[in-house]
Amino acid sequence: MNAPSPRPLPVKRILTPQPTNKSRLVFVTEPTGLAVEQYKILHRRLCNRHPEGGVILVTSPSPGEGKTLTSINLAWCMAEAGRRTCLVDMDFRAPGINLTLGCATEEDSLEEVLTGKRTLHQAIRQLGDRSLYVLGINKGLASPGTLLSSASIVPLLVELRAMFQWVILDFAPMIPMADVGEVLPYVDGAMMVVRSGKTDKSLIAPSLEILGAKIWGVILNDSVINGSAYYGYYGMKKG
């Protein structure tokens with residue numbers, strides 16, 4: 001089954017990423033390394049199982065497990081493969097996409113789109129000349145409040161689905177926040193990021209319970225493979 005062609009994007013506003021050498025954006029810092037190959041494997045598996053694309057929520061049991069970096073590298077990989085992809089920062093409490101990419105802007109954030117102050121076309125940015133677009137958050141909020149309500153999120157996702165083959169939502173951690181449950185019903189699947197030596201094992205089972213049938217896979221970060229301490233195996237859920 002072939003995916004439908006995304007709707008054209010009439011407005012192109014360009015961002016130039018300026019990541020540091022320590023950013024671990026592996027498609028920039030180590031394009032021939034093992035981590036890039038692992039992202040390609042993950043991307044291939046996702047496309048084989050979901051050739052039509054979809055909206056993926058990326059989260060983790062707790063902070064500091066690498067979900068933002070994983071979201072960026074996965075979206076970058078999809079765009080490198082020629083699939084029009086949008087990366088959306090939905091972690092209002094601790095936004096990290098603009099900071100990690102080194103290309104923060106002072107206006108036109110996701111919050112302004114959700115509150116009707118800007119349209120999606122006004123706020124979205126193309127990352128260089130690749131098929132990767134970014135919708136970021138400029139300032140963190142103590143609580144997203146009604147921004148994650150169905151009245152705000154559903155119209156946004158409908159528009160994003162029409163414009164992109166893949167949409168990656170970088171979300172807040174699941175525990176103790178309740179944010180994931182607000183949006184989970186409206187996405188196609190969810191990926192949970194855990195970190196070797198960091199993730200509290202007691203949080204894994206309740207996190208999987210939160211994601212339920214939406215879980216598409218679990219990603220293990222920082223697991224040593226063949227001498228590489230960058231990233232480890234990316235495991236996809238079977239079935």
Side-chain angles (χ1 to χ4, degrees), residues 3 15 17-61 64-91 96-103 126-136 164-171 187-199 211 215-238:
L15 279 181
Q18 297 177 326
T20 67
N21 291 334
K22 297 181 180 180
S23 68
R24 298 182 77 176
L25 296 180
V26 295
F27 285 84
V28 176
T29 61
E30 196 182 1
T32 60
L34 176 62
V36 165
E37 295 304 313
Q38 294 298 301
Y39 277 110
K40 289 179 179 179
I41 292 171
L42 173 59
H43 166 249
R44 188 179 308 119
R45 290 180 177 177
L46 284 170
C47 289
N48 286 342
R49 297 184 184 188
H50 309 281
E52 72 284 0
V55 178
I56 305 177
L57 185 154
V58 180
T59 184
S60 59
E65 293 169 315
K67 64 174 184 59
T68 295
L69 197 59
T70 298
S71 298
I72 296 173
N73 281 319
L74 176 58
W76 197 295
C77 183
M78 290 173 165
E80 289 271 299
R83 292 173 170 84
R84 189 191 288 176
T85 304
C86 187
L87 174 65
V88 184
D89 195 338
M90 282 197 171
D91 189 350
I97 286 179
N98 282 344
L99 180 64
T100 304
L101 290 172
C103 55
Q126 184 177 7
L127 207 61
D129 59 356
R130 56 188 53 82
S131 298
L132 178 56
Y133 295 74
V134 176
L135 182 58
F164 298 96
Q165 184 175 359
W166 286 101
V167 179
I168 308 296
L169 309 179
D170 178 39
F171 229 86
V187 302
D188 298 306
M191 306 288 291
M192 184 174 78
V193 179
V194 297
R195 187 173 179 181
S196 179
K198 168 67 170 62
T199 301
L211 297 178
I215 184 73
W216 276 7
V218 176
I219 300 173
L220 177 62
N221 275 339
D222 286 338
S223 177
V224 177
I225 293 182
N226 293 333
S228 172
Y230 236 150
Y231 285 89
Y233 176 73
Y234 294 81
M236 292 293 295
K237 179 188 176 187
K238 296 181 180 180

Q.
Tell me whether Asp170 contacts the main-chain N or O of Asp89 through its side chain, where contact means a donor paired with an acceptor under 3.5 Å.
A. no
Q. Donor-acceptor pair, Glu37 side chain versus Ile41 backbone, under 3.5 Å?
A. no
Q.
side chain to side chain contact (heavy atoms under 4.5 Å, CB included) for Thr85 and Trp76? Distances and angles first, verdict last.
A. CA-CA 8 Å; Thr85 304; Trp76 197 295; over 6 Å; no
Of all the heavy-atom pairs spanning [X] and [Y], show the shortest one and how long it is.
X	Y	value
Leu87	Ser71	CD1-O, 3.7 Å
Thr199	Pro61	CG2-CG, 4.1 Å
Asn73	Val26	OD1-N, 3.2 Å
Leu211	Met192	CD1-CB, 3.9 Å
Pro51	Gln165	O-NE2, 3.5 Å
Met191	Leu42	CE-CD1, 3.7 Å

[atom1] of [X] to [atom2] of [Y]: how many Å apart, nearest 0.5 Å?
X	Y	atom1	atom2	value
Asn98	Ile72	CG	CD1	9.0 Å
Cys47	Met78	SG	CE	5.5 Å
His43	Asn48	NE2	CG	9.0 Å
Leu135	Met90	CG	CE	7.5 Å
Leu132	Leu101	CG	CG	8.0 Å
Lys67	Leu57	NZ	CG	9.5 Å

**Q.** Candidate pair Asn221 and Leu69, rule side chain to side chain contact (heavy atoms under 4.5 Å, CB included), full reasoning
**A.** CA-CA 10 Å; Asn221 275 339; Leu69 197 59; over 6 Å; no
Q: Give me the ring orientation class for His50 and Trp216: parallel if the planes are under 30° apart, tilted from 30 to 60°, perpendicular past 60°.
A: parallel
**Q.** Residue pair Leu46 / Ile56, side-chain heavy-atom distance below 4.5 Å
**A.** yes
**Q.** Test log, rule side chain to side chain contact (heavy atoms under 4.5 Å, CB included), inputs Thr68 and Ile97
**A.** CA-CA 7 Å; Thr68 295; Ile97 286 179; 4.1 Å; yes
